[in-house]
Amino acid sequence: MSQIMIDDKENILNTYKRFNVVLTKGNGSILVDEDGKEYIDFSSGIGTNIYGVCDKEWIDAVCQQAKKIQHTSNLYYSEPQVKLAKLLCEKTGMKKVFFSNSGAESNECAIKAARKYSYDKYGEGRYEIITLVNSFHGRTIATLSATGQDVFHQYFFPFLEGFKHAFANDIQALDNLINEKTCAIMIETVQGEGGVNPLDASFIKHIEKICNEKDLVFIVDEVQTGNGRCGYLYSYMEYGVHPDIVTTAKGIAGGLPFGAILFGEKTEKVLGYGQHATTFGGNPICAAAAYSVIKRIDDKLLNHVKEMRALVERKLLGNPLVKSISGKGLMIGIEIDESLKAADVVSKGIENGVIMLTAKNKIRLLPPLNIKEADLSKGIDLLIKSMEELK
Ligand SMILES: *Cc1c(COP(=O)(O)O)cnc(C)c1O
């Protein structure tokens, strides 16, 4: 253990089970630790560094804004926010944007907006939000309550009331949970932390339909799936549906803490003066970084994402240790042979020079979206080697 690791354990709350690696720098999809060892990055810092490390355009955007003004507060107009909001509305057809600092905060904002939409129109008592079993929506009390996994509903009682969890892809079970108290349905199109499980297209389309019929707010949590990750700017776009609220964070600012909540026609006027606010949300440096990220999510990049996914499938499907591959685009879940544990493969991968993630019992890969074919190919070979060594 290095001194950094010892001091970490001594002074930082022990809430993370860290791997014994201190990452210090990198270039593109290659990361370097304090001893100079190199790794292929299949994590992007959990889906944040979507153009890898030391991306020149991102660095220029951040540095130029830092040299102008680093923060203004939301009491004043701010050009980076305005440029980014305009770009997001143009690219999605959504009507208005609110900026936050994280995924959980984006979802908090969506939850507040959904409840207020209903309160404004129908009065008290219509506040229930249906989310899915195995969903993940964040770590605040409200977003933990929204999260449909029992392991998260411990210790911190009482949780927030008003959340019901439906099984994914079961239209009948979902419909059975809707009653006169329901105000919204919130989904991830691919459940990330819950095991990289994509929803059926028919289920997603049904949710849009039932939300329209019953005047419920249709919320899509694109914190992990969004910003190009699944091969579309936002993953819902694949299905031709139109959510009332889209939340995002993770990759949006290429590795800076930032989030956005996009509001459609139905919800754009719900939150008014004084009804929602944040000190740092919309920070000019983060907004400038996000602009440089979103501006470059074009067909060329999205095609690259799809091609790189196809490469991963070609290399892994048919391997006797790989049972199936799930997810969309460069949000990849790998179901492995029962004799192997995903966490052990990830540890072995670190020894072998590839950084991966897990989701439930799967290996999860979230490589930078612009990862080079050679790096991707080499990293997959290291993953295969790691599984074989454990066999
Ligand atoms: C990571 C994640 C969140 C929480 O985001 P934070 O930035 O950690 O608050 C919420 N929803 C989904 C789908 C996520 O993947």
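Just so you know, ligand 1 is whichever comes first in the structure, and atom 1 is the first atom listed for that ligand. Bear in mind that the values here come from a model prediction, so they are computed numbers and not experimental data. Residue indices begin at 1 and follow the sequence shown.
Protein residues with a heavy atom under 4.0 Å from ligand 1 are Ser102, Gly103, Ala104, Asn107, Phe136, His137, Gly138, Glu188, Asp221, Val223, Gln224, Lys250.
Here the closest non-hydrogen pair linking Gly327 and Val196 is CA-CG1, 3.6 Å.
Aromatic ring pairs are classed by plane angle as parallel below 30°, tilted from 30° to 60° and perpendicular above 60°; the pair Tyr236 and Tyr234 is parallel.
The side-chain tip of Lys306 points at the ring of Tyr232 from less than 6.0 angstrom away and within 45° of straight on.
At a threshold of 4.0 Å, the pair Glu351-Lys348 counts as salt-bridged, since one of the basic side-chain nitrogens sits closer than that to a carboxylate oxygen. Classification of Asp55 and Arg296 as a salt-bridged pair holds, one side-chain N sitting under 4.0 Å from a carboxylate O.
No continuous path of ILVMFWY side-chain contacts below 4.5 Å connects Phe136 to Val246, so the two sit in separate hydrophobic clusters.
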